[in-house]
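Just so it is clear, the structure is predicted and the values come from calculations on it, not from any experiment. Protein chains get the first letters and strands the later ones, always in sequence-line order, with residue 1 at the start of each.
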Amino acid sequence: MPELPEVEVVKKSLEKSIKNLIIKKIQINTKKLRYFVDKNKINRTVGRKIISIKRRSKYLIIEVEKNLSILAHLGMTGKFLLLNKKKKLKRTSFYYQLSNKGSKHNHVIFNFNNNTKLIYNDVRKFGFIKVIQSNKLNQSTHLKTLGPEPLSKNFNTTYFKKFILNKKKCLKDLLMDQKFVSGLGNIYVNEVLFKSELRPNKIIQKISTKEIEKIIKFIREILKKSIKLGGSSIKDFKDGEGRDGNFQQLFSVYGREGEKCLNNKCQSIIKKTVISNRSTFFCKSCQK
DNA sequence: TTCTTTGTTCCGGA
DNA sequence: GTCCGGAACAAAGA
């Protein structure tokens with residue numbers, strides 16, 4: 001699943017490959033992704049140069065000349081793929097190989113002035129691509145309610161304490177709340193709570209300052225490590241190979257129901273439960 | 001056929 | 001008004 005680290009890797013990849021290129025043509029092969037695909041609006045970017053690539057939470061923002069931005073979200077299975085002039089996959093900005101079977105899910109294809117192409121491919125069609133005026137991005141429904149970036153200085157102990165005042169949620173729901181901190185998804189929240197040795201269903205009013213510090217520390221640590229690995233695995237990417245193996249190895253609890261806890265000397269088995277309709281994995285011995 | 005999976009938005013109830 | 005939890009959304013594999 002594309003979570004914050006994956007989107008960050010995509011951003012860095014696109015910064016190297018499509019910045020300063022001019023959009024020559026856009027092929028749109030679907031009427032609807034997560035939302036209606038507005039061909040007219042998207043086509044307004046044709047003829048304009050790409051001036052910056054940004055990430056906010058899990059959103060990717062491709063800014064073009066004259067106050068337009070392409071806002072994209074990868075949803076569950078969205079990915080950007082880059083084709084060079086010989087139509088060979090030059091570098092994927094995400095971890096799936098583009099198979100022949102997968103090409104029917106190439107929904108939007110950007111053609112650039114140097115004959116390279118950027119393909120938006122999405123099997124589940126749960127992602128989206130929109131074009132918005134750059135100076136109105138922050139007021140868009142998608143971005144306006146987002147909390148601080150988890151890797152920014154604004155996300156700190158003081159902020160954490162202030163936000164949870166008079167709130168009743170459990171810890172997992174808090175970390176999943178994009179208004180609290182933006183960009184953490186189910187997988188990383190499971191991982192952070194395991195490392196922090198805290199129960200997902202712990203009531204947030206019962207969390208100590210030390211525990212808050214631990215949570216923030218592990219959020220930063222896990223995200224940074226994942227960004228680093230994502231980057232290296234794209235560099236080492238070879239045709240016909242996904243990066244599934246490497247990617248999965250990162251997880252300490254997610255998807256490990258029934259398996260032994262990975263902490264030293266712990267003999268417990270990882271449990272699975274459901275919180276707010278999301279799979280939740282934890283060790284009942286290590287997480288208090 | 002039904003269940004599961006993902007993140008965001010929307011909506012009803014408290 | 002505000003907070004919170006759950007449903008809906010697309011699509012496919014088990």
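- Between A:Tyr159 and A:Phe163, the ring planes are tilted. Angles from 30° to 60° get that label.
- Whole-Å rounding puts the A:Phe126 CZ to B:dT8 P distance at 10 Å.
- For the pair A:Lys284 and A:Phe282, the cation does not sit on the ring face, since its NZ or CZ is not both under 6.0 Å from the ring centre and inside 45° of the axis.
- Ranking B:dG7, C:dA12, C:dG5 by closeness to the A:Met176 side chain, first place goes to B:dG7.
- Separating the CZ atom of A:Phe180 from the C1' atom of C:dC3 is a distance of 16 Å, rounded to the nearest angstrom.
- Checking the phosphate oxygens (OP1, OP2) of B:dG7, no side-chain nitrogen or oxygen of A:His73 falls inside 4.0 Å.
- Checked against C:dA10, C:dC4, B:dG7, the side chain of A:Glu3 finds its nearest nucleotide in B:dG7.
- In this structure, the nucleotide among C:dC4, B:dT8, B:dT5 sitting nearest to the side chain of A:Lys167 is C:dC4.
- Not a single donor-acceptor contact under 3.5 angstrom links the side-chain atoms of A:Arg124 to the base of C:dA10.
- With sequence neighbours excluded, the residues forming a salt bridge (charged side-chain N to carboxylate O under 4.0 Å, His left out) with A:Glu149 are A:Arg55, A:Arg56, listed by chain and number.
- In the set C:dA12, C:dG6, B:dT8, the nucleotide with an atom closest to the side chain of A:Val123 is C:dA12.
- The cationic atom of A:Lys130 (NZ for Lys, CZ for Arg) lies less than 6.0 Å from the six-membered ring centre of A:Tyr35 and within 45° of the ring axis.
- We find that CZ of A:Phe128 is positioned 10 Å from C1' of B:dG7, with the value rounded to whole Å.
- In the set C:dC4, B:dG7, B:dT9, the nucleotide with an atom closest to the side chain of A:Asn186 is B:dG7.
- Distances shorter than 4.0 Å separate some side-chain N or O of A:Lys272 from OP1 or OP2 on B:dT5.
- Side chain of A:Ser279, nearest nucleotide from C:dA7, C:dG5, B:dT5: B:dT5.
- The separation between A:Asp177 atom CG and B:dT8 atom C1' is 12 Å, rounded to whole Å.
- Taking atom CG on A:Asn166 and atom P on C:dC4, their separation rounds to 9 Å, with Å as the unit.
- Between A:Asn121 and the options A:Val108, A:Leu74, A:Asn106, a side-chain contact (heavy atoms from CB on, under 4.5 Å) holds for only A:Asn106.
- In this structure, the side chains of A:Leu60 and A:Val10 come closer than 4.5 Å at one or more pairs of heavy atoms.
- Straight-line distance from the OH atom of A:Tyr35 to the C1' atom of B:dT9: 6 Å, rounded to whole Å.
- Counting only Watson-Crick or G-U wobble pairs whose defining distances are both under 3.5 Å, the stems of 3 or more consecutive pairs in DNA chain C are B:2-14 with C:2-14.
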Going through the checks in order, is the side-chain hydrogen bond (donor to acceptor under 3.5 Å, both in side chains) test met by A:Thr280 and A:Thr273?
-> CA-CA 5 Å; A:Thr280 306; A:Thr273 176; 6.0 Å; no

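- One can place CG of A:Leu184 at 12 Å from C1' of B:dG7, the figure rounded to the nearest angstrom.
- Between A:Gln178 and B:dT8, a side-chain N or O to OP1/OP2 separation shorter than 4.0 Å is present.
- As a whole-Å value, the separation of A:Arg278 CZ from C:dG5 P is 14 Å.
- Remark: A:Glu259 pairs with A:Arg256 by the salt bridge (charged side-chain N to carboxylate O under 4.0 Å, His left out) rule, at least two apart or across chains.
- Distances shown here put every side-chain N or O of A:Thr141 at or beyond 4.0 Å from the OP1 or OP2 atom of B:dT8.
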